[in-house]
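The figures here come from the full heavy-atom set of this structure, side chains too, leaving out hydrogens, waters and symmetry mates. Everything quoted here is computed from the prediction, not taken from an experiment.
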Amino acid sequence: MLNKSRRNFIKTTSLAGSGLLLLSPEIMALGKSEEKNSLSGKKVLYVYGGWEGHEPKQSIDVFVPWLKTEGAEVTVSDTLDSYLDEDLMNSIDLVVQSWTMGKITGEQEKGLLKAIKNGAGLAGWHGGIGDSFRNNTEYQFMVGGQWVAHPGGVIDYSVHITDKKDPVTQGLSDFKMHSEQYYMHVDPNVKVLATTKFTSDHSSWIGDCVIPVVWKKYYGDGRVFYSSLGHVMKDFEGPEVLEIMKRGIRWAAESKYAPKEKWRTPVYG
């Protein structure tokens with residue numbers, strides 16, 4: 001472990017209200033059902049970096065002000081060395097990571113995996129946790145899936161809400177996207193909340209294939225939440241995209257405090 005003080009590699013951002021995105025009154029009303037999962041007092045580590053095309057730095061302005069208005073204590077870091085800080089990792093309730101591709105050392109990965117397995121939550125979107133550290137299979141085991149393709153690049157596609165009872169997706173309807181449609185290899189032991197259907201327009205052999213878009217799972221005692229939406233920050237201007245992520249963050253942050261959920265049919269249809 002590095003013998004450096006936390007100040008040497010962690011930067012904390014100030015509240016920037018201008019970064020907040022507004023929701024429609026309808027979606028805001030739906031979000032009130034999540035008030036019981038308040039982030040008040042929760043300690044959140046927000047780690048960003050990796051490939052800049054997914055706008056990891058810009059994501060700070062989307063999510064960190066909101067986390068703070070929810071009452072969370074947020075530490076923002078631009079280095080994976082944060083995962084080496086045992087005191088920090090033992091104290092946090094949630095990791096929000098936006099780090100596409102890149103490489104993680106064995107010790108850095110060990111620190112992250114240990115924290116989640118011991119009960120901290122993990123939440124992220126798109127390549128930020130779904131295409132990080134391609135050589136690290138245990139990390140992928142924790143996340144529950146790995147990006148492998150986005151046929152056609154940025155295209156029009158639909159997202160289907162498959163679980164209308166789960167608090168993360170309750171009250172939301174199917175919606176359209178103009179972004180990357182992630183084709184993923186997915187752990188069957190996840191609770192799928194939304195899916196997307198592929199066409200044969202860009203890859204003939206995947207026509208009518210259904211792939212999960214939003215899921216929740218456990219890694220040890222830790223709650224893990226993932227959404228493949230959010231290629232760039234403009235995608236979060238879609239109210240459903242942003243609301244799903246906010247609710248998923250709230251759910252994951254309750255990892256140390258809420259009973260472990262039991263899913264009788266984790267495999268999606």
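Residues Lys42 and Ala253 share a closest heavy-atom pair of CE-O, 3.4 Å.
You'll find the side chain of Tyr83 reaches within 4.5 Å of the side chain of Ile104, heavy atoms only. In this structure the side chain of Ser158 never reaches within 4.5 angstrom of the side chain of Asp174, judged on heavy atoms. Between Tyr46 and Leu67 there is a side-chain heavy-atom pair separated by less than 4.5 Å. Between Glu70 and Ile249, the closest side-chain pair of non-hydrogen atoms is not below 4.5 Å. Contact annotation: the side chain of Val186 approaches that of Trp215 to within less than 4.5 Å [non-hydrogen atoms, C-beta and beyond]. By the 4.5 Å heavy-atom criterion applied to side chains, Leu80 and Thr105 are not counted as neighbours. Between Lys43 and Thr75 there is no side-chain heavy-atom pair separated by less than 4.5 Å. Using a 4.5 Å heavy-atom threshold, the side chains of Gln108 and Phe133 count as separate.
Under the 4.5 Å side-chain heavy-atom criterion for grouping Ile, Leu, Val, Met, Phe, Trp and Tyr, Val62 is not connected to Trp51 through any hydrophobic cluster. Val95 and Met101 end up in different hydrophobic clusters when Ile, Leu, Val, Met, Phe, Trp and Tyr side chains are linked at under 4.5 Å. In terms of hydrophobic clustering, with Ile, Leu, Val, Met, Phe, Trp and Tyr side chains grouped at heavy-atom distances under 4.5 Å, Val154 and Met184 are assigned to different clusters.
Within a 6.0 Å sphere centred on OH of Tyr257, heavy atoms belonging to other residues, nucleotides or ligands number more than 12. In Lys164, the NZ atom is crowded: over 12 heavy atoms of neighbouring residues, nucleotides or ligands sit closer than 6.0 Å.
In terms of the side-chain contact (heavy atoms from CB on, under 4.5 Å) criterion, residue partners of His185 (sequence neighbours excluded) are, by chain and number, Val148. With sequence neighbours excluded, no residue satisfies ring pair (Phe, Tyr, Trp, His ring centres under 6.0 Å) with Phe225. With sequence neighbours left out, Phe175 forms a side-chain contact (heavy atoms from CB on, under 4.5 Å) with Val159, Ile161, Met177, Leu229, Glu240, Val241, Ile244. With sequence neighbours excluded, the residues that form a side-chain contact (heavy atoms from CB on, under 4.5 Å) with Lys234 are Val232, Glu237. Contacts of Asp221 classified as salt bridge (Lys or Arg N to Asp or Glu O under 4.0 Å), with partners at least two apart in sequence or in another chain: Lys260. For Glu261, the side-chain contact (heavy atoms from CB on, under 4.5 Å) partners are Lys216, Tyr218, Arg223, Trp251, Trp263, not counting sequence neighbours. Tyr183 is linked by a ring pair (Phe, Tyr, Trp, His ring centres under 6.0 Å) to Phe198, counting only residues two or more places apart in sequence or in another chain. Residues forming a salt bridge (Lys or Arg N to Asp or Glu O under 4.0 Å) with Glu138 (at least two apart in sequence, or on another chain): none. Looking at residues two or more places apart in sequence or on another chain, you find no salt bridge (Lys or Arg N to Asp or Glu O under 4.0 Å) involving Lys165.
Using modelled atom types, one side-chain atom of Thr169 and one backbone atom of Asp163 make a donor-acceptor pair closer than 3.5 Å. At least one donor-acceptor pair under 3.5 Å links the side chain of Ser77 to the backbone N or O of Thr79. Between the Ser132 side chain and the Trp99 main chain, a donor and an acceptor come within less than 3.5 Å of each other. Under the 3.5 Å distance criterion, the side-chain polar atoms of Asn136 are left unmatched by any main-chain donor or acceptor of Tyr139. Judged purely by atom type and a 3.5 angstrom limit, Trp147 uses its side chain to pair as donor or acceptor with the backbone of Ala149. Using modelled atom types, one side-chain atom of Glu55 and one backbone atom of Met233 make a donor-acceptor pair closer than 3.5 Å.
Screening residues 91-100 for salt bridge (charged side-chain N to carboxylate O under 4.0 Å, His left out), with sequence neighbours left out, gives no hits. The salt bridge (charged side-chain N to carboxylate O under 4.0 Å, His left out) contacts involving residues 196-210 comprise nothing, where partners must be two or more places apart or lie in separate chains.
With respect to Glu254 and Arg250, no salt bridge is recorded, no charged nitrogen being found less than 4.0 Å from a carboxylate O.
With rounding to the nearest 0.5 Å, the separation of CG in Leu39 from CD in Glu73 is 11.5 Å.
Between Phe236 and Phe63, the ring-plane angle classifies as perpendicular under the 30° and 60° cut-offs.
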Name every donor-acceptor pair, under 3.5 Å, that has one atom in a side chain of residues 116-131 and the other anywhere in the protein, sequence neighbours excluded.
| unit_1 | atom_1 | unit_2 | atom_2 | d |
| --- | --- | --- | --- | --- |
| Asn118 | ND2 | Lys114 | O | 3.3 |
| His126 | ND1 | Ser228 | O | 2.6 |
| His126 | NE2 | His54 | NE2 | 3.3 |
| His126 | NE2 | Glu180 | OE1 | 3.0 |
| His126 | NE2 | Tyr182 | OH | 3.2 |
| His126 | NE2 | His231 | ND1 | 3.4 |
| Asp131 | OD1 | Arg134 | NE | 2.9 |
| Asp131 | OD1 | Gln146 | NE2 | 2.9 |
| Asp131 | OD2 | Arg134 | NH2 | 2.9 |

